[in-house]
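Just so you know, residue 1 is the first one in the sequence shown, and it goes up from there.
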Amino acid sequence: MKTPLEKKLIFFATTNFHKFNEARAVFTKHGIAVAMIRIKSLEIQENDLEAIAKFSAMDAAKKCGLPIIVEDAGLFIKALNGFPGPYSSYIYKTLGIKGVLKLMEGIENREAEFRSVVAYCEPKTNILEAFCGKIKGKITEKARGKSGFGFDPIFQLLGSKGLKTFAEMSIEEKNQYSHRAKALHAFIKWFLRSR
Ligand code: ITT
């Protein structure tokens with residue numbers, strides 16, 4: 001059984017302030033406080049985001065001795081067979097947005113998906129759970145917008161609401177659609193029910 005404090009406070013292991021700020025906005029809506037633990041947890045070389053996130057959560061919980069969440073996310077581009085997917089962080093740092101746009105030159109099918117997995121680990125009880133969120137969109141021809149991070153300037157939602165890139169949205173607006181917000185909502189629903 002969680003104490004009232006344990007039900008109202010979450011520790012989030014991440015080195016990415018943007019992710020943390022987006023998550024904080026979601027948690028706040030549910031009356032939950034979130035603390036950023038700035039550690040880089042181990043990420044195994046895997047093709048499966050869920051396996052990576054679960055391994056990282058176990059590592060972070062062991063290092064901190066706290067119940068903790070980590071989040072692993074990636075951009076999956078259909079015409080590139082899901083690349084960069086789990087390698088998004090590395091590809092962002094090496095090729096960057098320009099490099100990805102170059103890879104997409106002349107490609108008509110620009111469908112892409114952001115995926116997120118939030119993994120929660122409790123060291124005392126060995127509870128380990130993962131929650132997924134996805135959002136479909138397309139890769140724009142040019143980068144647009146200054147908000148957000150990573151590949152936000154080249155990711156545009158599909159459908160009628162899809163004129164803006166994520167980088168042209170506020171955090172609140174991005175959180176209405178994003179892979180991360182969806183995974184976090186699934187986690188919060190489970191977390192508030194679990195004992
Ligand atoms: P931590 O592992 O410390 O949490 P990170 O930035 O390394 O932070 P990931 O391993 O999950 O996070 O890397 C995912 C990369 O995918 C990230 O660096 C971005 O380039 C990209 N990415 C993920 N979610 C994104 C989003 O909402 N908007 C834009 N790019 C995103």
Side-chain angles (χ1 to χ4, degrees), residues 2-76 84-97 114-135 147-152 155 166-167 171-172 174-175 178-192 194:
K2 290 192 185 73
T3 64
L5 181 65
E6 281 171 338
K7 279 217 165 219
K8 291 287 168 197
L9 178 63
I10 289 289
F11 296 97
F12 184 6
T14 180
T15 56
N16 185 325
F17 281 103
H18 298 280
K19 272 188 180 185
F20 176 74
N21 283 335
E22 288 178 18
R24 183 166 50 189
V26 175
F27 281 117
T28 302
K29 285 218 159 104
H30 293 270
I32 299 172
V34 58
M36 179 171 178
I37 307 268
R38 213 172 171 280
I39 54 163
K40 188 76 194 164
S41 41
L42 282 179
E43 282 184 15
I44 42 167
Q45 210 66 38
E46 254 274 3
N47 279 328
D48 175 20
L49 283 189
E50 184 169 330
I52 301 172
K54 279 185 163 176
F55 185 89
S56 293
M58 281 196 293
D59 180 59
K62 202 159 76 184
K63 279 180 182 151
C64 302
L66 292 167
I68 211 156
I69 58 165
V70 301
E71 191 247 4
D72 207 65
L75 177 67
F76 294 72
Y87 311 103
S88 294
S89 184
Y90 178 72
I91 293 305
Y92 180 74
K93 283 182 205 145
T94 51
L95 298 184
I97 283 182
F114 264 128
R115 294 183 199 158
S116 158
V117 178
V118 170
Y120 173 77
C121 183
E122 238 173 59
K124 262 196 278 176
T125 56
N126 284 328
I127 287 175
L128 179 62
E129 295 282 339
F131 306 85
C132 308
K134 290 178 186 180
I135 179 73
S147 309
F149 70 101
F151 297 110
D152 278 344
F155 186 84
F166 269 169
I171 286 184
E172 287 67 32
K174 181 177 171 185
N175 276 349
S178 87
H179 50 312
R180 178 164 304 105
K182 286 180 180 163
L184 286 166
H185 281 300
F187 162 68
I188 290 168
K189 198 169 161 192
W190 170 85
F191 180 76
L192 292 176
S194 69

Out of curiosity, Cys121 SG to Glu129 CD, how far, rounded to the nearest 0.5 Å?
10.5 Å
Under a 4.5 Å cut-off applied to non-hydrogen side-chain atoms, are Asn16 and Phe149 in contact?
yes
How are the rings of Phe151 and Tyr92 set to each other: parallel, tilted or perpendicular (split at 30° and 60°)?
perpendicular
Do the non-hydrogen side-chain atoms of Phe131 and His185 ever get within less than 4.5 Å of each other?
no
For Glu71 and Ser116, which I'm curious about, is there any donor-acceptor pair between the side chains at under 3.5 Å?
yes
State, with a plain yes or no, whether a side-chain heavy atom of Phe187 is found less than 4.5 Å away from one of Ile69.
yes
Check Lys182, Lys174, Lys29 against Glu22 for a salt bridge (Lys or Arg N to Asp or Glu O under 4.0 Å) and give me the one that passes.
Lys174
Parallel, tilted or perpendicular: which fits the ring planes of His179 and Phe166, with parallel below 30° and perpendicular above 60°?
parallel
Of all the heavy-atom pairs spanning Asn21 and Arg24, show the shortest one and how long it is.
OD1-NH2, 2.7 Å
As an exercise, state the distance from OG1 of Thr125 to CD1 of Ile127, rounded to the nearest 0.5 Å.
3.5 Å
What is the minimum heavy-atom distance between Thr15 and Arg38, and which atoms define it?
O-NH2, 4.0 Å
Which atoms form the tightest heavy-atom contact between Val34 and Phe20, and what is the distance?
O-CZ, 3.5 Å
Can you find a pair of side-chain heavy atoms, one from Ile32 and one from Ile188, that are under 4.5 Å apart?
yes
Is there a side-chain contact between Ile10 and Phe27, using heavy atoms and a 4.5 Å cut-off?
yes
When you measure from the centre of the six-membered ring of Phe76, is the NZ or CZ of Arg115 under 6.0 Å away and within 45° of the axis?
yes
Gap separating the CZ atom of Phe12 from the NZ atom of Lys19, nearest 0.5 angstrom:
5.5 Å
Using modelled atom types and a 3.5 Å cut-off, is there a donor and acceptor pairing between side-chain atoms of Ser194 and backbone atoms of Phe191?
yes
Do you know which two heavy atoms are closest between Pro86 and Leu49, and how far apart they sit?
CA-CD2, 4.1 Å
The test is side chain to side chain contact (heavy atoms under 4.5 Å, CB included); show your working for Asp152 and Ser147 and say whether it passes.
CA-CA 8 Å; Asp152 278 344; Ser147 309; over 6 Å; no
Short question: side chain of Asp72, backbone of Val118 - any donor-acceptor pair under 3.5 Å?
no
Ile135 side, atom CD1; Ser178 side, atom OG - distance, nearest 0.5 Å
8.0 Å
Nearest atoms (heavy-atom pairs only) where Ile68 meets Ala60:
CG2-CB, 3.9 Å
Partners passing ring pair (Phe, Tyr, Trp, His ring centres under 6.0 Å) against Tyr87 (at least two apart in sequence or in another chain):
none
Decide yes or no for Cys132 and Glu50: does some side-chain heavy atom of the first lie under 4.5 Å from some side-chain heavy atom of the second?
yes
Which heavy atom of Gly150 sits nearest a heavy atom of Ile97, and at what distance?
O-CD1, 3.4 Å
